[in-house]
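Values in this document were obtained by computation on a predicted structure and should not be read as measured data. Numbered from 1 within each chain, the chains take letters A, B, ... in sequence-line order.
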There are 2 protein chains.
Amino acid sequence: MAKNTLPATSEHEEKLERLLAVAAEIFAEKGYHHASIRELSRRAGVSLSGLYYYFSSKEELLFMIQERSLRRVLDGLKHKLKRSDEPAGRLRAMIGNHVGFFAQNMAAMKVLTHEFDSLEGKYKARIRDLRLEYSNLCTELLRELRRSTGSDEVLPLNVATSALFGMMNWIYTGYQPGSSIPVDRLSEHLFRLFTGGFSSSAEPAASLERRVG
Amino acid sequence: MAKNTLPATSEHEEKLERLLAVAAEIFAEKGYHHASIRELSRRAGVSLSGLYYYFSSKEELLFMIQERSLRRVLDGLKHKLKRSDEPAGRLRAMIGNHVGFFAQNMAAMKVLTHEFDSLEGKYKARIRDLRLEYSNLCTELLRELRRSTGSDEVLPLNVATSALFGMMNWIYTGYQPGSSIPVDRLSEHLFRLFTGGFSSSAEPAASLERRVG
DNA sequence: CGTTGGTTCGAACGCTCGATCGGCCCAACC
DNA sequence: GGTTGGGCCGATCGAGCGTTCGAACCAACG
């Protein structure tokens, strides 16, 4: 039970990380409930029971994948936000961070967006908190942007936030990395599409473009 | 095997429809693979084996839910499109149709957007075709709108289509009908958000509003 | 009344799953 | 060189799953 908290050696951590990566692939491919620990065992070259040395249940495995992804996205965003005070630039950073992370960790991010409801109890609550923190941070960015453009739209901020996340997360349903638009362009497209609409006639996207390095 | 094609009595069809509704609720609640036929049996008040008189497998059940929802959305849209020649009005009709149908059939629509990958083989192909038809129709509406506004954006239409569907589908992750904004307002918000961004500085959303009855 | 055919059911089959348990291996340390 | 303990495994358990099968029910019809 306390197994996975005891050893903190880098070797142990590395192998856990590898297992999480393989598991994320399987979960993304087949969905959480259709994926089996036995297949993880096969693909990772570890015996079925040997896996349980690294995590204590299938659900904890799912939790760790989601928690680590979310943490990395959040930390990355907070780090990038320190570099810009300008509202439009900050939103652009947020979109670039999210879309970029999605493109580089597609499996884990698919699991993150699709398998929230597969969690239960304490695990679900922890992930919900992180998601809420992320979502609130995003809403604040939109509030800043709205204030800076001086527009007093009636569009509720939570609707705008939902719409923005929807845009960013849905884009990958038909996205193959490499075969499609490069990530930078995609982020920029979404940024312009959203800001052009969000700040509307008050300030079209074209004029925002120049402000950011 | 050919069971479910033989009887076409209205009574039979009604009961099947009721089973599909209950099943959609369970699928939406727990996800396809975590939902069990036994629970459907319990909730519907029908014996486990009795269910198989109405469908031949769990996957066919999932297929029927998705197929019927998609058909109704598509038919509803085509019907409404006949009433408007004006590009912005047609897009507004599309968004209103989609969002409205989502609000009234939340369970089935959640299944439709979340459980596509749970299908396999022929079932998956049939649903993919329908989704493609819907998506293409939407892309055409955007092409019309872009042409009518005279803008020559570089934003790829397939990206715009994905973003639009993302907005519409994601909005319901945090939506409780009744406790939140009425559907009409929500549709209008999304329409303005999207068109304001999509047709950008060329034609802000506010000026589009008046054109439609 | 007997037969049909749509409808329903209880019981069971075969299978896969997540999880557990006792023990083996082997490097590190006394 | 004996002991410890992290790492790993084969064998197996109990549970739940989707599905099937043969029989029973019952209104309609001859």
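A salt bridge does not link B/Lys124 to B/Glu59: none of the charged nitrogens lies less than 4.0 Å from a carboxylate oxygen.
Distances shown here put a side-chain N or O of B/Tyr54 below 4.0 Å from the OP1 or OP2 atom of C/dT8. Considering only side-chain N and O atoms, B/Ser36 lies under 4.0 angstrom from the phosphate OP1 or OP2 of D/dC17. Phosphate contact (OP1/OP2 of C/dG10, side-chain N/O of B/Ser47, threshold under 4.0 Å): absent. A sub-4.0 Å separation between OP1 or OP2 of C/dG6 and a side-chain N or O of B/His12 is absent. Under 4.0 angstrom from either OP1 or OP2 of C/dT7 there lies no side-chain N or O belonging to B/Lys15.
Remark: A/Lys110 is not positioned above the aromatic ring of A/Phe27, lacking an NZ or CZ atom under 6.0 angstrom from the ring centre and at most 45 degrees off the axis. Both tests do not hold together for B/Arg128 against B/Phe116: distance to the six-membered ring centre under 6.0 Å, angle to the ring axis within 45°.
Between the CD1 atom of B/Ile37 and the C1' atom of D/dG16 there is a distance of 13 Å, rounded to whole Å. When rounded to the nearest whole Å, the span between CZ of A/Phe63 and C1' of C/dG18 equals 20 Å. One atom, OH of B/Tyr53, and another, C1' of D/dA24, lie 15 Å apart when rounded to the nearest Å. Look at CG on A/Leu16: it is 16 Å from P on D/dG6, rounded to the nearest Å. Note: CD (B/Glu39) to P (D/dC17) measures 9 Å, nearest angstrom. In this structure, B/His34 places its NE2 atom 12 Å from C1' of C/dC17, rounding to the nearest Å. In this structure, B/Phe55 atom CZ and D/dT19 atom C1' are separated by 11 Å, rounded to whole Å. Nucleotide C/dT16 holds its P atom 18 Å from the CG atom of A/Leu40, rounded to whole Å.
Relative to the side chain of A/Ser49, the nucleotides C/dC9, D/dT19, D/dG10 differ in distance, and D/dG10 lies closest. Distance from the side chain of A/Ser57 is smallest for C/dA19 among the nucleotides D/dA11, C/dA19, D/dC21. Closest to the side chain of B/Tyr52, from the set C/dT8, D/dT19, C/dG18, is D/dT19.
Applying the 3.5 Å distance criterion, the base of D/dG16 shares no donor-acceptor pair with the side chain of B/Arg38.
Take the nearest nucleotide of DNA chain D for A/Leu51 and for A/Leu48: the residue whose nucleotide is more 5' is A/Leu51.
Below 30°, between 30° and 60°, or above 60°: for A/His98 and A/Phe165 the angle between ring planes is above 60°, a perpendicular geometry.
Using a 4.5 Å heavy-atom threshold, the side chains of B/Gln66 and B/Leu62 count as touching.
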